[in-house]
There are 2 protein chains.
Amino acid sequence: MEYKKQVQRLIQEFKTDFLPSVSVDLVIFGFHDGQLKVLLLRWKNTEDWCLPGGRIRHEESLDDAAYRSLHGRTGLTEIFLQQFHTFGDTRRYVHFSQEQTMLRLGLAEEDLQEFSNRDVSVGYYALVEFANVVPTPDFFTDECRWWDINQVPPLLFDHNDMITLALKTLRRQLTYQPIGYNLLPEKFTMPDLQQLYETILGQSLDRRNFQKRMLGYDILERLEERKTGGAHKAPYLYRFDKEKYEKALADEILFVG
Amino acid sequence: MEYKKQVQRLIQEFKTDFLPSVSVDLVIFGFHDGQLKVLLLRWKNTEDWCLPGGRIRHEESLDDAAYRSLHGRTGLTEIFLQQFHTFGDTRRYVHFSQEQTMLRLGLAEEDLQEFSNRDVSVGYYALVEFANVVPTPDFFTDECRWWDINQVPPLLFDHNDMITLALKTLRRQLTYQPIGYNLLPEKFTMPDLQQLYETILGQSLDRRNFQKRMLGYDILERLEERKTGGAHKAPYLYRFDKEKYEKALADEILFVG
DNA sequence: AGGAGATGTGTAAATTTTACACAATGATAC
DNA sequence: GTATCATTGTGTAAAATTTACACATCTCCT
């Protein structure tokens with residue numbers, strides 16, 4: 001059976017070309033329709049969802065492995081990607097059944113060792129521009145799609161915990177770094193940006209104070225252009241001044257408290 | 001040679017009982033004489049220093065492995081220990097020579113594989129009460145002692161980077177969590193606490209405003225007792241109200257900006 | 001007994017954050 | 001074509017927070 005050979009070759013490759021015991025998992029955030037989304041994968045022949053992830057090649061740095069997976073699932077390069085925690089609880093495979101995996105992949109039990117040993121997994125979160133992503137399943141999965149952050153189903157492994165912690169870290173990031181550069185389209189309106197902040201923080205903000213504050217950080221450039229097509233007064237379009245944005249990122253100025 | 005057998009048994013144990021490719025490193029902070037200190041180890045028969053660290057048993061969680069190492073080097077239990085970053089650069093062994101290690105340990109080259117492969121290492125930092133620590137070398141080291149944070153020598157691997165990032169994370173922690181519970185003796189004076197904050201932040205703070213702020217957090221209990229023996233006016237002693245302290249830790253109230 | 005040096009304490013100024021309202025615009029409905 | 005509705009653009013005053021700052025007290029040392 002062609003498929004089975006492929007699986008076995010892949011597992012063999014895991015053993016020879018990749019670091020054992022360590023993996024990388026990704027919480028990829030997107031923003032669409034005023035909702036925060038995460039990209040999830042569905043295992044072949046099942047209804048089990050999980051986070052995208054990957055393994056680390058022997059000659060590859062941890063960050064590069066994360067970028068490689070991210071690129072594979074989204075088609076994107078050059079996006080914000082940040083490590084937020086490493087998960088190494090012995091019980092992190094509690095939502096994972098070896099027998100089910102066997103069925104899933106049509107494997108013999110001995111092939112499964114690779115999957116049922118506890119790995120330590122390094123969690124990264126990424127901020128990506130929703131519209132630019134081409135969700136792409138990997139070898140072990142049938143489907144890759146966005147889920148609303150508030151409607152994520154129970155996931156395999158400890159992946160629900162990962163999303164929770166990634167979101168917490170993202171919220172904290174918001175307090176000392178600007179956000180939006182890789183999450184919004186190039187041109188966006190002030191209400192767009194505010195909605196992003198409100199969605200991440202889970203609270204509403206004063207419109208005027210928000211604008212004052214954002215402009216005060218001196219990372220935005222207002223364009224002549226306005227956004228048309230809305231049913232109301234046309235708002236101005238803005239874009240990030242990349243240099244100043246990068247500087248604010250590095251300087252870690254105190255942002256929204 | 002008895003010693004060599006011991007080494008080989010240990011290396012064998014690494015292969016059978018511990019996760020390959022992953023390790024844990026510890027930045028253990030102490031506070032003494034108004035200086036922030038880190039605990040370092042010196043490799044046997046060398047002048048090379050590095051951070052304490054360890055490996056993870058197959059049936060052991062990542063956090064437990066870190067606690068185990070911490071206990072081994074300090075004799076302490078129940079201390080503040082927090083993961084801050086995972087290091088997985090392919091070049092993180094650049095300050096490490098395989099030949100030198102051979103000399104150090106008196107090993108054959110084939111035994112060394114365990115040391116010269118790149119591991120991914122999870123960095124933890126700990127805050128401990130200086131006076132309670134009994135610095136204890138491990139099998140590979142001759143000496144374990146405190147170093148002033150400003151006088152750390154060039155270390156093996158990427159351990160200097162680890163200290164830098166641990167300190168950065170500690171400074172950030174200071175902005176949303178109280179600190180001092182496991183770093184100061186049970187009873188301490190307000191100037192002690194202030195000195196701790198100033199040392200970590202690397203800047204001096206106003207005495208009156210500091211006190212006002214600290215008392216405002218409502219995590220301190222002022223004792224009747226005063227500290228005697230100083231050459232000056234006897235300052236009050238304080239201690240942390242553990243419950244309120246824990247609550248402040250969990251709530252992540254905004255602290256010093 | 002006096003002096004040196006550190007501690008204990010409160011208030012006013014400056015800054016930052018928050019609250020808040022009305023005119024202008026553009027699509028849609030009539 | 002005109003009125004309507006929902007949304008955008010904009011500034012100021014009050015409140016809260018943060019900062020700056022000085023003098024009396026205590027303890028050991030000389």
Side-chain angles (χ1 to χ4, degrees), chain A residues 33-34 174-176 178 180 184-185 187-199 201-239 248 251-257, chain B residues 33-35 171 174-176 178 180 184-185 187-199 201-239 248 251-257:
Chain A
D33 278 341
L174 223 59
T175 65
Y176 59 86
L184 292 172
K187 299 172 183 180
F188 52 88
T189 68
M190 195 57 76
D192 290 340
L193 185 61
Q194 180 172 348
Q195 199 178 35
L196 172 63
Y197 270 76
E198 288 179 338
T199 303
L201 290 173
Q203 61 179 260
S204 58
L205 303 168
D206 182 273
R207 208 156 55 83
R208 275 165 294 188
N209 294 336
F210 179 80
Q211 168 151 341
K212 231 183 305 175
R213 175 171 254 156
M214 281 300 146
L215 294 178
Y217 297 145
D218 189 31
I219 54 173
L220 292 173
E221 187 184 352
R222 187 165 96 174
L223 309 175
E224 289 308 312
E225 218 175 331
R226 284 159 178 263
K227 183 181 188 176
T228 57
H232 309 290
K233 179 170 181 177
Y236 283 106
L237 287 169
Y238 292 83
R239 94 178 132 210
D251 290 356
E252 311 203 339
I253 303 158
L254 187 67
F255 268 63
V256 189
Chain B
D33 279 341
Q35 295 290 335
R171 283 186 178 144
L174 224 57
T175 66
Y176 60 86
L184 291 173
K187 300 172 182 180
F188 52 88
T189 68
M190 194 59 76
D192 290 340
L193 185 61
Q194 179 172 350
Q195 199 179 35
L196 172 62
Y197 270 77
E198 288 180 337
T199 303
L201 290 172
Q203 62 180 259
S204 58
L205 303 168
D206 182 272
R207 208 155 54 83
R208 274 165 296 188
N209 294 337
F210 180 81
Q211 168 151 341
K212 231 184 305 178
R213 175 172 255 155
M214 280 301 145
L215 294 178
Y217 297 145
D218 189 32
I219 54 174
L220 291 174
E221 187 184 351
R222 187 166 96 174
L223 308 175
E224 289 308 313
E225 220 174 334
R226 284 161 176 260
K227 183 180 184 175
T228 57
H232 308 291
K233 180 171 180 175
Y236 283 105
L237 286 169
Y238 292 82
R239 92 179 133 212
D251 291 356
E252 310 201 341
I253 304 158
L254 187 66
F255 267 62
V256 188

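Residue numbering restarts at 1 for every chain, and letters A, B, ... go by the order of the sequence lines.
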Nucleotide-resolved protein contact map, nucleotides 25-30 of chain C, B/S/- at heavy-atom distance under 4.0 Å: BBS---
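- Relative to the side chain of A/Arg213, the nucleotides C/dG10, C/dA19, C/dT17 differ in distance, and C/dT17 lies closest.
- Put simply, CD on A/Gln211 is 18 Å from P on C/dA19, counting in whole angstrom units.
- Between the B/Glu225 side chain and the B/Tyr236 main chain, no donor and acceptor come within less than 3.5 Å of each other.
- Summarising the geometry of A/Arg239 relative to A/Phe188, their closest heavy-atom pair is CA-CE2, 3.9 Å, with the distance given to 0.1 Å.
- Between the A/Gln194 side chain and the A/Phe210 main chain, no donor and acceptor come within less than 3.5 Å of each other.
- The B/Pro191 side chain lies nearest to C/dT7 when the options are C/dC20, C/dT7, D/dG9.
- Using a distance-only test at 3.5 Å, with no hydrogens or angles considered, no donor-acceptor pair links the side chain of B/Thr189 to the main chain of B/Pro235.
- In this model, the phosphate group of D/dG11 is not approached by any side-chain N or O of A/Arg207 to a distance below 4.0 Å at OP1 or OP2.
- With sequence neighbours left out, the side-chain contact (heavy atoms from CB on, under 4.5 Å) criterion links B/Asp33 to no other residue.
- When rounded to the nearest whole Å, the span between CZ of A/Arg208 and P of D/dA13 equals 14 Å.
- If you take CZ of B/Phe255 and P of D/dT17, they are 15 Å apart, rounded to a whole angstrom.
- Side chain of A/Gln211 to backbone of A/Met190: no donor-acceptor contact under 3.5 angstrom is found.
- Comparing C/dT7, D/dG11, D/dG9 by their closest approach to the side chain of B/Pro235 singles out C/dT7.
- Considering only the side chain of A/Arg222, D/dT10 comes nearest among D/dT10, C/dG10, C/dT17.
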